[in-house]
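Structure first, commentary second.
Order of the sequence lines fixes the chain letters, A, B, ..., with proteins taken first and strands second; residue numbering starts at 1 for each chain.
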Amino acid sequence: MNMLSKIVFSLCVALTSGFITSPEVSADVIKIVATTSTFASLAKEVTGDLAEVDYVASPKRNVHTYSPTPKDVFKVKIADVFIHGGADLELWKSPLLEAAGNPAFLGEKNTVIHLSEGIQMLEAPQELTRSEGDIHRYGNPHYWLSPANVHIIVNHLAMRLGQLYPQHVDVFKRNASQFQSRLKKKEVIWQSELSPYVQQAIVTYHRTWSYFSNYFNFIVVAEIEPKPGIAPSAKHLIYLYEIMKSKDVKVIVKAPFYERRTPKKVADVTGATVVTLPLDVGGVKEATDFIALIDYNVSQLKRAFSKGVV
Amino acid sequence: MSSIMKGMIAMLFALVVMPQCLLAQEAVAQHEMRKQFLQLQSTIHEQNQLIKSLLTRVDVLETQMNGRMSTISLSRPDAAGPAMEGLSQGFNPEIGVVATVQAHITENTEDGEGNDTIALKELEINFAQYVDPYSRLDAIITLNDDLEENLVEIEEAYYTHWGLPLGFVARAGKIRPKIGKQNVLHLHQLDTVDYPLVIQDFFGEEGLAASGVRLQNFIPNPWDIPLQITGEVLRGNNGNSFSQISRRPIFNSHLSSFFELSDDIELELGTTAMFGEENVSGGSQGDNRFGVHVFGFDATLNWYLPEGKKAKLQGELYFQDRTDLVKTNFNPWGFYLLADYRFHPKWSAGVRVDYLETLDTANEHTFAVSPYLTFWQSEFANFRLQLQHLNPADGQPDNGIFLQGNFAIGEHRHPVQ
């Protein structure tokens, strides 16, 4: 076989192997891939049985540093709609979309929905410099941890999905409305349960809980990390001991994927309690959907504040 | 009539007549109120109609706006697709710089480059941006202060095009071919300070990078297992194993699959097959065209542990079946095994074991063991200490110590491999 034949043969094999891998839009079921399990759960609330919803980043891992796998690339390649948090939450998003090469998500496409639209972002940096750690240029991207923001997210999802699939717009609106009714009822209960601890000072591991704390009216006085994404130093721990004692901090909040040794050390010195709260649906087995996620976090915080039990 | 009588009559008149007058006035007032009420009702009804029509208009405008927003949103760098901000700076490419500084102390008494010295091993400058809605250009230029090599080199520079028929993604330019797992990585992405010895011997000290074209896609299967196939045609003038003649290309293919063994354990398996030609002086291959065959297997197991800890086991095995025109060894082969454990936000440790029968030494082998410790100052800076015991097939055993620092600034990202 001469060289030219080999080239032609190689190309034929490659083209044939991909013959039926072309992304196809199912007429019946909408295939949605979200970057996180929480966004996927909210999309499922809105779409109901009309969509198959999957997600990329495991809720047990740090979404900022997640490395997409070949399976994630495959999911995105065959999806109809891609949902992401925007605001630099997922720095791996563009490489993932490019690796998948699904034309539905590259270029000016309505099939990519980013959920930070309409959200009032907190903590947008005055200056973009890595001397401030791993900061996000558009502000703190953990906005879904406020139930108030989830109303905006769900409305946005219903509207954008309704534009993509106008035949289902009424179902999306109705599902969104029903979810919001359930959420509102739970909000009253959550606010009531945590009302004795309003204005309590807390310390968090990463700058993750700003929206959650704003919503429930806690005050985050410091983080275990001296700056976002920077591991704690001995000098910073001394600062933490001082500020926690002066502000009477009783609770340290960390996500499951952060190490426990340092918060425990700080808690031992200051008499605070470390509580581990998941950020996303599926982060613990009890957090089966968004309402269950906040339910779990509220109950854990209540226990930590009231009894000092982790 | 006395004045008393007159007063009484007046009072009686007032008591009888006045209520009648008041009742009449009240009836008039009620009538007026009812009239006003009806008018108000009518006004409210009109206002409601107006609000309804305005809401309809808002809906229409919102729909139109959202159509535009999907376009406008792309102007934000966090959105998918090109960053078309409409301002001149928005068209500037992403720019990043990664510096790798390396010190090496060795028992080797030769005054070779890299022995008993500290050097800027590599300064990698990357530029990248979307070309248009269908494609992207990435250029990675490396500079070094090595005395024996070029100061400036194109590490990679490739054009990526997606949305091709049948779902293919194509890449053309200078690329690091899809050979196993480590060859595609840049120096600062490695777990160790150097590439595995089998890759160094077969493809060069920093692996194989060559001009060419790549096509990539997934093979459908009933089990929904991601089976990714990569086909590449590369220029032949690179690599230790091949011809060093441009017009005699290297053909490379890689097939990989991925399995989630549990929520926390992932396994990736891959195979590589390469065909090329030997570097025969005078250029005559006779009947031995495409006489170099390289086959490889790679396996990577990632185990995600609680609290952000992670263990990785990785291995790659390569062997060659080649004609005997140039190299001593017709069937060189080798492998490495690497274990890496991220046990703390700031620390990881691991070891790499290399075994190799090189291209130039048949029936004798090179063996090396390289334990290392990495300090992660942040996501953008790390320091690594690596020891290496090397027992080469054609020389004296050597022990060395490497100290390496990697520092990144700017926009720097890596493709999903």
From [X] [atom1] over to [Y] [atom2], what is the distance, rounded to the nearest 0.5 angstrom?
X: A:L97; Y: B:W162; atom1: CG; atom2: CH2; result: 9.0 Å
X: A:E259; Y: B:F343; atom1: CD; atom2: CZ; result: 12.0 Å
X: A:T129; Y: B:I409; atom1: OG1; atom2: CD1; result: 10.5 Å
X: B:S378; Y: A:R130; atom1: OG; atom2: CZ; result: 9.0 Å
X: A:F74; Y: B:I219; atom1: CZ; atom2: CD1; result: 10.5 Å

Minimum heavy-atom distance A:P95-B:P415, with the two atoms named: CB-CA, 4.5 Å
Shortest non-hydrogen contact from A:G101 toward B:V169: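 Nearest heavy atoms, A:G101 then B:V169: CA-CG2, 3.6 Å.
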Out of B:R413, B:H414, B:E379, B:K346, which one racks up the most heavy-atom pairs below 4.5 Å with chain A?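 Winner by heavy-atom pair count: B:R413.
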Identify which of B:W376, B:Y304, B:Y134 forms the greatest number of heavy-atom pairs closer than 4.5 Å to chain A.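 Most heavy-atom pairs under 4.5 Å with chain A: B:Y304.
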With a 4.5 angstrom heavy-atom cut-off, is it the side chain or the backbone of [X] that approaches chain A, or both, or neither?
X: B:V416; result: both
X: B:E411; result: side chain
X: B:E266; result: side chain
X: B:D224; result: both

Check whether any side-chain N or O of B:E307 sits under 3.5 Å from a backbone N or O of A:R260 as a donor-acceptor pair, and report yes or no.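 Side chain of B:E307 to backbone of A:R260: a pair is present.
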Okay, side chain of A:K77, backbone of B:G167: is any donor-acceptor separation there less than 3.5 Å? yes
Contact residues of residues 252-263 of chain B (partner chain A; heavy-atom separation under 4.5 angstrom): B:F258, B:E260, B:D263
side-chain hydrogen bond (donor to acceptor under 3.5 Å, both in side chains) filter on B:Y159, not counting sequence neighbours, yields B:S135
Counterpart residues, side-chain hydrogen bond (donor to acceptor under 3.5 Å, both in side chains), relative to B:D138 (two or more places apart):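 So B:D138 forms a side-chain hydrogen bond (donor to acceptor under 3.5 Å, both in side chains) with B:R136.
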Choice from A:T69, A:I113, A:L96 maximising heavy atom contacts with chain B below 4.5 Å: A:T69
For A:D54, check salt bridge (charged side-chain N to carboxylate O under 4.0 Å, His left out) against everything at least two apart and list the hits. A:K75
What part of [X] lies closer than 4.5 angstrom to a heavy atom of chain B: side chain, backbone, both or neither?
X: A:A255; result: neither
X: A:K71; result: both
X: A:S67; result: neither

Please test B:D264 against A:K60 for side chain to side chain contact (heavy atoms under 4.5 Å, CB included), starting from the C-alpha separation and ending with a verdict. CA-CA 9 Å; B:D264 303 315; A:K60 294 179 181 175; 4.2 Å; yes
Can you check whether A:P70 reaches B:E268 side chain to side chain, under 4.5 Å on heavy atoms?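 With C-beta onward as the side chain, the pair touches.
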Side chains of A:V73 and B:F218, heavy atoms from C-beta outward: is any pair under 4.5 Å?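 Yes. Closest side-chain heavy atoms under 4.5 Å.
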Would you indicate whether B:K310, at its atom NZ, is surrounded by more than 12 heavy atoms from other residues, nucleotides or ligands within a distance under 6.0 Å?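 Yes.
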